[in-house]
Amino acid sequence: MPELPEVETIARDIRPHLVGAVIRGVRVLKADILRGIGPRAFERSLAGCRIAAVSRRAKHVVIRLDDGRRVVIQPRMTGSLLVSEAPVTADRYVTIAVRLSTGRQLTYRDVRRLGAVHLLSAEAWTRYTARLGPEPLEAGFTAARLAAALAGGRLAVKKALMDQRRLAGVGNIYANEALWSAGIDPSRLARTVTTAEARRLHHELVGILRRSIRRRGTTVRDYRTGTGEAGAYQSRLNVYGRARRPCPRCGRRIVLTHAVDARATYFCPGCQR
DNA sequence: ACGAGGTCCTGCGAGC
DNA sequence: TGCTCGCAGGACCTCG
């Protein structure tokens, strides 16, 4: 389940192998992950293009080409990007295989194929990214901006944190962890979060995302870095996946519910208010 | 306008 | 032991 730290790790891993390289050949093996373009058109329009930059936006890896177009990869649940020396075509879950001028291969693998790959013009990318909320790790993202993202509507604070239009890059794992760290009950309405709580939540969320990047993300099951390894932040999780185990802060048993948005929500009834 | 709920996809583990 | 079923969840879609 690649969220911001995982996608950031992937982008950092593959960037040095991609920037400056020319795409020699593309093979789409599972066409249903492509959005808005057919497999043959995708293959043809990428051949011969030079890669100018690799970045992350929300939970997307963005590969910018010399001509301004972007290949936007959204791994969602089980997608992974890997740069390797040799082709990995024997793997039945490979959806796209890219041959680079350096001799290396870029592979997009996705077991459940819930992921999505777009090829966007510069203008289409501008429209795409405009629909996403602020980046939590950018300098301009203050506690006040978080408070603004939580204001309005009557949705639960956890759902608001995960709403990509309000805030970019936070998914289920880090929403659970940040709310635990800030001592906020995930089912509370977002608009009831006070200024002081928003300040605390901002501090905890930013810290958790940064520390997770330092540990190359959280591998619960499927996530792999851009070099094919597991992340290491799972050992630092305080509530996610820890139902019925003692809360590290107050010792009460951690509760798993599906009351918020029918998603797995882990929280401590003792110290999250 | 906004929010709730269904849908996609496959592997895995619980339970019978 | 082998099968079925529900769950994992991000983001889009439809409906109210």
Side-chain angles (χ1 to χ4, degrees), chain A residues 1-10 28-37 39 56-62 72-81 91-96 108-118 120 124-125 127-133 135-136 148-179 186-192 209 212 217-224 230-231 234 237 239-244 254-267:
Chain A
M1 41 205 88
E3 304 179 28
L4 187 155
E6 291 75 32
V7 179
E8 180 67 31
T9 301
I10 291 168
V28 175
L29 295 118
K30 312 276 183 186
D32 58 357
I33 49 100
L34 289 177
R35 297 299 140 84
I37 186 169
R56 176 195 59 78
R57 171 75 171 115
K59 303 174 194 171
H60 308 77
V61 172
V62 183
V72 179
I73 300 139
Q74 195 175 18
R76 297 218 186 140
M77 284 296 289
T78 56
S80 61
L81 278 168
D91 186 328
R92 61 185 284 223
Y93 301 116
V94 170
T95 64
I96 299 176
Y108 179 61
R109 179 181 192 270
D110 195 339
V111 171
R112 284 163 61 186
R113 300 200 310 283
L114 290 171
V117 176
H118 303 256
L120 301 177
W125 167 246
R127 289 193 297 272
Y128 191 100
T129 191
R131 292 198 300 266
L132 298 167
E135 285 290 334
L150 297 180
R154 37 178 61 256
L155 73 176
V157 59
K158 177 169 175 253
K159 190 164 163 56
L161 284 179
M162 294 170 64
D163 183 343
Q164 300 300 295
R165 292 164 300 186
R166 293 170 181 261
L167 181 62
V170 177
N172 199 37
I173 293 174
Y174 298 106
N176 276 301
E177 291 297 313
L179 289 166
S187 64
R188 267 177 57 192
L189 293 186
R191 61 180 181 184
T192 69
L209 294 174
S212 182
T218 302
T219 296
V220 173
R221 181 175 295 175
D222 298 287
Y223 161 68
R224 290 296 178 273
Q234 58 276 12
L237 297 176
V239 283
Y240 185 86
R242 301 177 61 83
R244 303 182 55 76
I254 292 162
V255 168
L256 166 62
T257 86
H258 290 79
V260 181
D261 199 31
R263 296 284 179 253
T265 297
Y266 298 87
F267 76 104

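Letters A, B, ... are given to chains in the order of the sequence lines, protein chains preceding strands, and every chain is numbered from 1.
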For A:Arg154 and A:Arg112, find the nucleotide of DNA chain B closest to each by heavy atoms; which residue's nucleotide sits nearer the 5' end? A:Arg154
5'-most contact on DNA chain C: A:Tyr128 or A:Tyr266, nearest heavy atom basis? A:Tyr266
Is A:Pro136 close to A:Leu4 at the side-chain level, that is, under 4.5 Å between some pair of heavy atoms? yes
Would you classify A:Ala264 as touching base, sugar-phosphate or nothing, given that sugar-phosphate means primed atoms plus P, OP1 and OP2, and contacts are heavy atoms under 4.0 Å? sugar-phosphate
Give A:Tyr174 one of three labels, base, sugar-phosphate or nothing, depending on what nucleic acid heavy atoms sit under 4.0 Å from its own. nothing
Any idea which of B:dA4, C:dA11, C:dA8 is nearest the A:Gln164 side chain? C:dA11
d(CG, A:Asp261; P, B:dT7) in whole Å: 15 Å
When you check the phosphate oxygens OP1 and OP2 of C:dG10, does a side-chain N or O of A:Gln74 lie under 4.0 Å from one of them? no
Using a heavy-atom distance cut-off of less than 4.0 Å, which residues of residues 28-35 of chain A contact DNA chain C? none
Treating A:Gln74 as the side-chain partner and A:Val117 as the backbone partner, does any N or O pair qualify as donor plus acceptor under 3.5 Å? no
Out of A:Arg57, A:Lys59, A:Arg56, which one pairs with A:Glu8 under the salt bridge (Lys or Arg N to Asp or Glu O under 4.0 Å) rule? A:Arg56
With no angle test and no hydrogens, is the base of C:dG10 tied to the side chain of A:Arg263 by a donor-acceptor pair under 3.5 Å? yes
Taking CZ from A:Arg76 and P from B:dG11, how many angstroms apart are they, rounded to a whole number? 19 Å
With a 4.0 Å cutoff (strictly under), does any side-chain N or O of A:His60 reach OP1 or OP2 of C:dG10? no
For A:Lys59 and C:dG10, give me the distance from atom NZ to atom C1', rounded to whole Å. 6 Å
Decide yes or no, distance alone: a donor-acceptor N/O pair under 3.5 angstrom between the base of C:dA8 and the side-chain of A:Arg221. no
Using heavy atoms to find the nearest nucleotide of DNA chain B for A:Gly152 and A:Val111 separately, return the residue whose nucleotide is more 5′. A:Gly152
In whole Å, I'd like the distance from the CG atom of A:Leu4 to the C1' atom of C:dG10. 14 Å
So, A:Arg165 and A:Asp163, do they make that salt bridge, N to O below 4.0 Å? yes
Heavy-atom donor-acceptor pair, A:Asp110 side chain to A:Gly115 backbone, under 3.5 Å: yes
Backbone N or O of A:Val239 within a donor-acceptor pair of the A:Asn176 side chain at under 3.5 Å? no
For the residue pair A:Val260 and A:Met162, establish whether any side-chain heavy-atom pair is separated by less than 4.5 Å. no
A:Arg191 has an atom CZ; how far is it from atom P of B:dC2, in whole Å? 13 Å
Whether A:Gln164 side chain and A:Ala58 backbone form a donor-acceptor pair below 3.5 Å: no
Atom pair distance, as rounded to whole Å: CG in A:Asp222 and P in B:dC12: 8 Å
Between A:Arg113 and B:dT10, is there a contact of a side-chain N or O with OP1 or OP2 at under 4.0 Å? yes
What's the CZ-P distance between A:Arg92 and B:dT10, to the nearest Å? 9 Å
Rounded to whole angstrom units, what separation is found between the CE atom of A:Met77 and the P atom of B:dT7? 18 Å
With a 4.5 Å heavy-atom cut-off, do A:Tyr223 and A:Thr9 have their side chains touching? yes
A:Ser80-A:Arg224 side chain donor-acceptor pair, cut-off 3.5 Å: no
Report the end-to-end axis angle of the helix from B:dC2-C:dG16 to B:dC16-C:dG2; each axis comes from five terminal pairs, and the value is rounded to 10°. 50°
